[in-house]
Number of protein chains: 2
Amino acid sequence: MQALSEIRSARPAVRGRLCACLDASATGRIQAAAGDLRLNGGETVYAAGTAADAVFGIRQGAVALTNRLADGRRQVLAFLFGGDTFGFSADGTHGDSAETLGGTSLCRIPCSVIDQDRALLANLRAAAQAMLAAAWQHQVLLGRMTAFERVYRFLSDLWVRLGRPTELHMPMKVADIGDHLGLRPETVSRGLARLRRDGTIGPWNADGFIPVIDPGRLFPPRAAA
Amino acid sequence: MQALSEIRSARPAVRGRLCACLDASATGRIQAAAGDLRLNGGETVYAAGTAADAVFGIRQGAVALTNRLADGRRQVLAFLFGGDTFGFSADGTHGDSAETLGGTSLCRIPCSVIDQDRALLANLRAAAQAMLAAAWQHQVLLGRMTAFERVYRFLSDLWVRLGRPTELHMPMKVADIGDHLGLRPETVSRGLARLRRDGTIGPWNADGFIPVIDPGRLFPPRAAA
DNA sequence: CGGTTCTTTGACGTGCATCAAATCCTGTGG
DNA sequence: CCACAGGATTTGATGCACGTCAAAGAACCG
């Protein structure tokens with residue numbers, strides 16, 4: 001993987017700045033071909049089963065990738081934020097749906113454009129591998145952690161991903177978190193209540209932020225209660 | 001519980017011909033650079049945290065990709081078989097461990113070789129995307145399915161992956177399946193017992209095969225490839 | 001305001017984990 | 001060939017973590 005050094009520089013910290021539309025390597029031709037998209041919350045970017053003919057980058061906002069069973073059970077595969085790329089597929093059809101969480105602006109790059117650009121293809125490969133690593137981490141969470149550990153790890157990971165801010169931006173609902181962690185909303189709520197009780201976080205305020213009161217407790221070198 | 005036909009509703013993961021060493025596109029130069037590797041069962045191909053400087057293809061046999069928590073809890077991320085490729089990484093370090101299940105022969109292609117071959121890079125991208133799709137499917141299983149549904153889906157998916165044979169090759173232990181499905185070995189055993197009782201499968205015989213007695217029950221009509 | 005939707009909290013039920021013991025399997029040695 | 005030991009699987013009994021049900025707040029919006 002020659003690109004390793006490139007990938008590393010393209011992915012500074014934990015999560016890459018992989019949004020091709022924001023990447024410095026994007027040529028003028030590509031920037032011209034990239035369409036802009038502004039959506040309100042709760043809108044569908046694409047649905048499972050439709051043709052995957054473009055890749056999306058998040059300029060600002062948040063997106064949930066989801067999958068459903070026939071009886072309505074839902075799994076949130078990932079929450080994505082500014083700078084993340086999504087929508088690529090191995091077989092030309094989306095296996096997942098993507099929906100916005102709050103107002104979101106996206107850029108859309110058709111596959112026809114991507115296929116002609118080596119740098120973008122390398123970025124896509126890196127993005128797919130980073131998402132695979134994240135999906136595998138999440139499998140450990142879903143398969144082997146208790147309810148409280150899941151809630152705790154979710155906040156901890158999110159805090160690192162968002163750059164260790166003093167307030168976590170949480171555009172999603174409690175039920176969405178539950179669908180991500182394999183829990184019922186009531187159970188997520190109880191986990192958050194416990195973290196509030198022990199002084200790790202503050203109350204989830206009205207405009208969608210959770211204050212981080214004790215970062216040391218949110219991110220110990222690696223332990224679980 | 002839920003009708004078996006609906007369990008299948010989520011789209012099965014796509015699986016490519018991904019083993020670069022077996023791929024027709026591999027040039028003579030690459031075949032020369034690819035090293036051969038023969039391992040017995042229970043051996044480690046690579047461990048989490050080590051440098052990811054090569055990609056592996058399975059010529060024959062089976063491999064489990066695993067991840068562990070500090071206290072020993074284990075998650076099997078994926079079972080891989082002949083033709084599958086693994087070992088690539090987004091950041092130059094393995095985030096998972098790979099161990100053989102029974103005698104296995106591998107080919108090993110150093111990253112330095114891969115980086116110079118566009119066809120191989122494209123294969124790697126496809127492999128990463130196919131694995132991502134599979135990992136996402138598995139998230140639905142881990143997050144939203146009952147114990148019996150997990151066992152059923154595991155056998156059903158494996159049957160399709162292996163080409164709908166009359167006997168399923170099962171080189172792994174019950175405990176490994178449990179670590180893959182987020183269940184205890186006792187629970188996996190009860191699931192298999194139920195499928196045996198209702199005539200879907202036969203008894204797991206001594207040399208590691210499970211006969212498929214009623215394919216229609218194992219794969220009810222609904223999902224296509 | 002009143003209706004709607006979401007979150008929180010409490011009380012209760014259940015599916016799977018846990019614990020325990022019987023059985024089977026495999027290799028080793030007599 | 002049988003005897004035996006160690007490990008894996010199976011089966012049963014019990015307990016608990018989380019799901020489910022229910023109802024009471026909050027936030028939002030006309």
Side-chain angles (χ1 to χ4, degrees), chain A residues 40-42 64 69 71-76 101-103 141-155 168 170-197 201-210 224-225, chain B residues 1-2 7 40-42 64 69 71-76 101-103 141-155 170-197 201-210:
Chain A
N40 292 319
L69 297 177
D71 61 2
R73 282 178 288 181
R74 186 173 85 129
Q75 178 69 29
V76 170
L101 302 165
L141 182 148
L142 290 171
R144 288 294 176 229
M145 288 190 185
T146 67
F148 178 70
E149 286 172 336
R150 297 183 202 192
V151 173
Y152 170 83
R153 275 294 296 252
F154 173 68
L155 288 187
L168 286 170
M170 304 276 292
M172 71 291 283
K173 301 176 188 177
V174 171
D176 294 326
I177 300 174
D179 285 341
H180 188 45
L181 303 182
L183 301 171
R184 302 277 112 192
E186 296 93 325
T187 306
V188 173
S189 177
R190 283 181 236 267
L192 293 174
R194 177 168 159 194
L195 288 168
R196 235 177 282 127
R197 227 177 299 124
I201 58 174
W204 192 333
N205 67 43
D207 40 324
F209 284 85
I210 294 183
Chain B
M1 213 214 28
Q2 157 79 10
I7 298 174
N40 292 320
L69 296 176
D71 61 3
R73 281 177 287 182
R74 187 173 85 129
Q75 177 68 30
V76 170
L101 302 165
L141 182 148
L142 291 171
R144 287 296 176 226
M145 287 189 186
T146 67
F148 177 70
E149 286 172 336
R150 296 183 203 193
V151 173
Y152 170 82
R153 272 294 296 250
F154 173 67
L155 289 188
M170 304 276 293
M172 71 291 283
K173 300 177 187 177
V174 171
D176 294 327
I177 301 175
D179 284 343
H180 188 45
L181 303 182
L183 302 171
R184 304 275 108 194
E186 296 94 324
T187 306
V188 173
S189 176
R190 284 181 235 268
L192 293 174
R194 176 168 158 193
L195 288 167
R196 233 177 283 125
R197 228 177 299 123
I201 58 174
W204 191 336
N205 67 42
D207 39 325
F209 285 84
I210 294 183

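As a basis for the values below, the full set of heavy atoms in this structure was taken, side chains included, without hydrogen atoms, waters or symmetry mates. So you know, we letter chains A, B, ... as the sequences are listed, proteins then strands, and number each from 1.
Between the CD1 atom in Ile177(B) and the OG atom in Ser189(B) there is a gap of 10.0 Å [rounded to 0.5 Å]. Distance check: Leu101(B) CG to Met170(B) CE gives 10.5 Å after rounding to the nearest 0.5 Å. One distance of note links CZ of Phe148(A) with CZ of Arg194(A); it measures 4.0 Å at 0.5 Å rounding.
At distances below 3.5 Å, at least one donor-acceptor pair connects side-chain atoms of Arg150(B) with backbone N or O atoms of Met145(B). A donor-acceptor pair under 3.5 Å is absent between the side-chain atoms of Asp207(A) and the main chain of Phe209(A), judged by distance alone.
For the pair Arg196(A) and dT8(C), the criterion of a side-chain N or O lying under 4.0 Å from OP1 or OP2 is met.
Following rounding to the nearest Å, Arg144(B) (CZ) and dG15(C) (P) show an atom-to-atom distance of 16 Å. Atom CG of Asn205(A) is separated from atom C1' of dC28(D) by 15 Å (rounded to the nearest Å). Rounded to an integer number of Å, the gap from Trp204(B) CH2 to dT10(D) P is 8 Å. Between the CZ atom of Arg190(A) and the P atom of dA22(D) there is a distance of 15 Å, given to the nearest Å. What separates CG of Asp179(B) from P of dA8(D) is a distance of 13 Å, to the nearest Å. If you measure from atom CE of Met170(B) to atom C1' of dA8(D), you get 14 Å, rounded to the nearest angstrom. Rounded to whole Å, atom P of dT18(C) lies 11 Å from atom CG of Leu183(B). Rounded to a whole Å, the CE atom of Met145(B) is 16 Å from the P atom of dG19(D).
In the set dT10(D), dT7(C), dT9(C), dT10(D) carries the atom at the smallest distance from any side-chain atom of Ser189(B).
Among the protein residues, Gly182(B) comes within range of the sugar-phosphate backbone only, with heavy atoms under 4.0 Å from sugar or phosphate atoms but none that close to a base.
Nearest-nucleotide positions on DNA chain D for Arg150(A) and Thr187(B) put Thr187(B) closer to the 5' end.
When all heavy atoms are compared, the tightest approach of Arg144(B) to Glu149(B) is O-OE1, 4.4 Å. Closest heavy-atom contact between Thr187(A) and Ala147(A): CG2-CB, 3.7 Å.
Taking 3.5 Å as the limit, the base of dT11(D) and the side chain of Arg194(B) contain no donor-acceptor pair of atoms between them.
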Using a cutoff of under 3.5 Å, can you pull out all pairs of nitrogen or oxygen atoms linking the protein to nucleotides 20-27 of chain C, with atom names and distances?
none

